[in-house]
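Input: a single structure, listed below in structure tokens.
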Amino acid sequence: MNLFQRDAPAIAAVASSERVSTQEDDSEVRLIVLDFGATHFPFLEGQSVGVVPPGTRDDGRPRAMRLYSVASARDGEWPGTNTVALFVRRVAFSGAGGTPAGGQTSNWLCDRRPGDRIEVLGPFGDTFLLPDDPATEILMIGTGTGRAPFRGFAQRRLRTAPHGPGNLHIFFGARTPQVFPAIEQLIADPALLPSREVAYSQAQATAKEHVQDRMRRRATELEVVLRHKRLHVYVCGSLGLESTVDATLDEIARARGVDWPALRQQLLDSGRYHAETY
Ligand code: FAD
């Protein structure tokens, strides 16, 4: 951790930057792959990297660092390459007089093109990590760019233990179906991913749903997952998600004779409950 800091950052080049949300979707999300070249930048799935755009703020002070979760496996976006993938959502808001403005770092990152150089800090984070044991059962619940670590976890499992015995289960909330293909395409094998539930809160063709609605629909399978002896639970996404997930798991578990608060505490105590919201 913290191998590269502001006074000596790693320099990476943008290898690719692909918009994964459609043009019609008002929220732009890009999958950006960075290439570290000859620099050794070790990282693990679930960690984050720091980015500081060049220049200074209007008041002359240095710009703040922003964190972006790793979205690829530790051996690179393409196996054996010195690369890391990030999902970056362009943060937009109105500036003075209603002119379009936006988040400093996310806009700067989304505007980078292949070949551009970026200073990268980190890696950061030692709690939101995937266990090496392929027999662990992984329950992932997320929204928005919370998909990033889950993509990294899936890539890692696909490359190291594609036939289990542990399974991956993902419950994901997105605004529209367009924002999810990047992870859908990656995890095409239903054997690896028995529960793959995506709720769309702004879908037009299908009923509007939230991630907790999908969890309730899969309550019977979730009970089996919750009773798994080697379960790890990961919650990643927008602020407020954790309390929603907690209440939903409590509701599902209680109806099936499982004491979720006690199980959650047990998972926390043994480092098997992981939450990251921002
Ligand atoms: P900033 O310039 O910092 O602005 C941030 C917010 O301030 C805006 O959203 C807006 O609400 C408000 N704001 C600022 N100025 C104005 C203004 N003039 N008018 C109105 N509102 C204003 N993000 C991702 O996209 N992908 C990830 O994988 C990811 N992983 C993360 C992991 C962790 C552990 C954490 C803590 C955060 C993560 N984030 C991720 C969020 C990311 O770090 C940044 O916070 C985000 O990109 C916004 O940074 P920014 O510099 O673009 O916005």
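We count ligands from 1, going down the list as the structure has it; atoms in each ligand are counted the same way. All figures in this text were calculated on a predicted structure; none of them were measured in a lab.
Among Phe87, Phe93, Tyr68, the residue whose heavy atom lies nearest to atom 46 (C) of ligand 1 is Tyr68. Between atom 9 (O) of ligand 1 and the options Thr145, Val51, Val91, the minimum heavy-atom separation is to Val91. If you check each of Arg90, Gln104, Arg66 against atom 3 (O) of ligand 1, the one with the closest non-hydrogen atom is Arg66.
Regarding atom 53 (O) of ligand 1, its nearest protein heavy-atom neighbour is Gly103 CA, 3.1 Å. What sits closest to atom 25 (O) of ligand 1 on the protein, heavy atoms only, is Arg89 N, 2.9 Å. Distance from atom 42 (C) of ligand 1 to its nearest protein heavy atom, with residue and atom name: Leu67 O, 3.3 Å. Atom 28 (O) of ligand 1 has as its closest protein heavy atom Ser69 N, 3.1 Å. Of the protein's non-hydrogen atoms, Tyr278 CB, 3.8 Å is the one closest to atom 36 (C) of ligand 1.
Checked by atom type and distance alone, the side chain of His274 pairs as donor or acceptor with a backbone atom of Thr127 at under 3.5 Å. A donor-acceptor pair under 3.5 Å links the side-chain atoms of Asn107 to the main chain of Val91, judged by distance alone. Arg272 contributes a side-chain N or O that, together with a main-chain N or O of Leu231, makes up a donor-acceptor pair within less than 3.5 Å. Looking only at distances, a side-chain donor or acceptor of Arg256 sits under 3.5 Å from a matching main-chain atom of Ile252. Side-chain N or O atoms of Arg19 include none that pairs as donor or acceptor with a backbone N or O of Arg30 at under 3.5 Å.
When only interatomic distances are considered, the shortest N/O to N/O separation between Ser106 and ligand 1 falls below 3.5 Å. Ligand 1 has no N or O atom lying under 3.5 Å from any N or O atom of Glu276, backbone or side chain.
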Inset, instruction - Take Thr136 and Arg157 through the side-chain hydrogen bond (donor to acceptor under 3.5 Å, both in side chains) test and state the conclusion after the steps. - result: CA-CA 11 Å; Thr136 45; Arg157 275 285 174 99; 2.6 Å; yes
Legend entry - Stepwise ring pair (Phe, Tyr, Trp, His ring centres under 6.0 Å) test for Phe172 and Phe150: CA-CA 10 Å; Phe172 194 80; Phe150 298 161; 7.1 Å; no
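Protein heavy atoms are absent from the space less than 4.0 angstrom from atom 5 (C) of ligand 1. Within a 4.0 Å radius of atom 11 (O) of ligand 1, the protein contributes no heavy atom.
The atoms of ligand 1 that sit less than 4.0 Å from any heavy atom of Val88 are 25 (O).
Taking the six-membered ring where tryptophan is involved, the planes of Tyr234 and Phe128 are perpendicular, since the angle between them exceeds 60° and thus also 30°.
Heavy-atom neighbours of Asp59 CG from other residues, nucleotides or ligands within 6.0 Å: above the threshold of 12.
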